Structures are given as structure tokens and as C-alpha cells.
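All values reported here derive from a predicted model rather than from experimental measurement.
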Amino acid sequence: MEFHLENYSEHSLDEGSTSRAASYVGLTWGDGTVTWGAGTDTDIIVAGVKALVSAINSQSGKGGIGFVLEQNYGRSEEHTSELQSQSTIS
């Protein structure tokens with residue numbers, strides 16, 4: 001599976017510290033195909049991952065690989081903060 005992250009954007013859907021975030025991802029695949037994905041969550045990192053999984057799954061109908069993202073509703077604020085500090089998008 002070969003793709004290039006062509007576009008990434010994010011914004012909040014609500015106001016305040018408990019607002020939801022929306023993320024959008026555009027991928028260009030090795031064969032030149034472009035797929036898009038979107039994700040929402042109260043955690044911007046999770047929203048971005050959901051968008052990435054959505055874009056990858058868009059390719060699955062064209063011979064790509066389908067992924068399932070399981071959400072951990074029990075994650076703590078400390079765990080989320082730790083994940084955010086370790087996450088990078090290049």
C-alpha cells in the first residue's frame with residue numbers, strides 16, 4: 001500500500017474546550033488515484049486518524065485494504081495527552 005499525504009486540514013465544529021474537531025485528508029495513491037476522508041471527534045488526533053482511515057477505506061473499493069478504527073471510550077485525559085505528544089504527521 002503506497003500513498004502520499006496530499007492534503008490535511010482541520011477545524012473545530014463547536015466553541016469551547018469540549019468542542020468537536022473535524023479533519024480532512026487527501027491521499028494520492030501509487031497509481032495516481034486520489035481519495036478523500038473525513039473524521040470527527042472531541043480529540044483532534046483521533047479525528048485525524050479517522051479521516052486517514054476513511055481515505056484509505058475509500059481506496060478499498062478499488063482494490064485497496066479496508067481498515068476498522070476501534071474507539072477506546074475509556075481513555076483518560078492523561079493517556080490522550082501522552083498520545084498527542086508522541087504523534088507527528090510528516
Query raised in the report: Say you draw a straight line from CG of Asp41 to CG of Leu13; how long is it, rounded to the nearest 0.5 Å?
Result: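 Reported value, rounded in 0.5 Å steps: 10.5 Å.
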Query raised in the report: Quick one: CZ on Phe3 to CG on Asp31, what's the gap to the nearest 0.5 Å?
Result: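 Reported value, rounded in 0.5 Å steps: 13.5 Å.
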Query - Partner residues of Ala21 under the side-chain contact (heavy atoms from CB on, under 4.5 Å) criterion, sequence neighbours left out - result: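 Ala21 satisfies side-chain contact (heavy atoms from CB on, under 4.5 Å) with Ile44, Ala47 only.
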Less than 4.5 Å apart, side chain to side chain, heavy atoms only: is that true for [X] and [Y]?
X	Y	value
Tyr8	Ser23	yes
Val25	Leu5	yes
Leu52	Leu27	yes

**Report entry** Minimum heavy-atom distance between Glu2 and Trp29, given as atom pair plus value
**Finding:**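 Scanning both residues completely, I find the closest heavy atoms to be O-CE3, 3.3 Å.
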Query raised in the report: What are the two closest heavy atoms between Ser58 and Trp36, and how far apart are they?
Result: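 Closest approach of Ser58 to Trp36: OG-O, 3.3 Å.
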Query raised in the report: What pairs of residues pass the salt bridge (charged side-chain N to carboxylate O under 4.0 Å, His left out) test when at least one of them lies in residues 3-19, not counting sequence neighbours?
Result: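 For residues 3-19, and leaving out neighbouring residues, the salt bridge (charged side-chain N to carboxylate O under 4.0 Å, His left out) pairs sorted by first residue read Asp14-Arg20.
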Requested in this report: Applying side chain to side chain donor-acceptor pair (under 3.5 Å), name anything that partners Ser9, two or more places apart in sequence or on another chain.
Outcome: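 With sequence neighbours excluded, Ser9 shows a side chain to side chain donor-acceptor pair (under 3.5 Å) to no residue whatsoever.
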Requested in this report: Could you tell me whether the side chain of Thr42 and the main chain of Thr18 form a donor-acceptor pair under 3.5 Å?
Outcome: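 Not at all, since once roles are kept as given, no pair shorter than 3.5 Å links the two residues.
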**Report entry** Side-chain (Ser54) to main-chain (Lys50) donor-acceptor, under 3.5 angstrom
**Finding:**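 Such a contact is absent between Ser54 side chain and Lys50 backbone.
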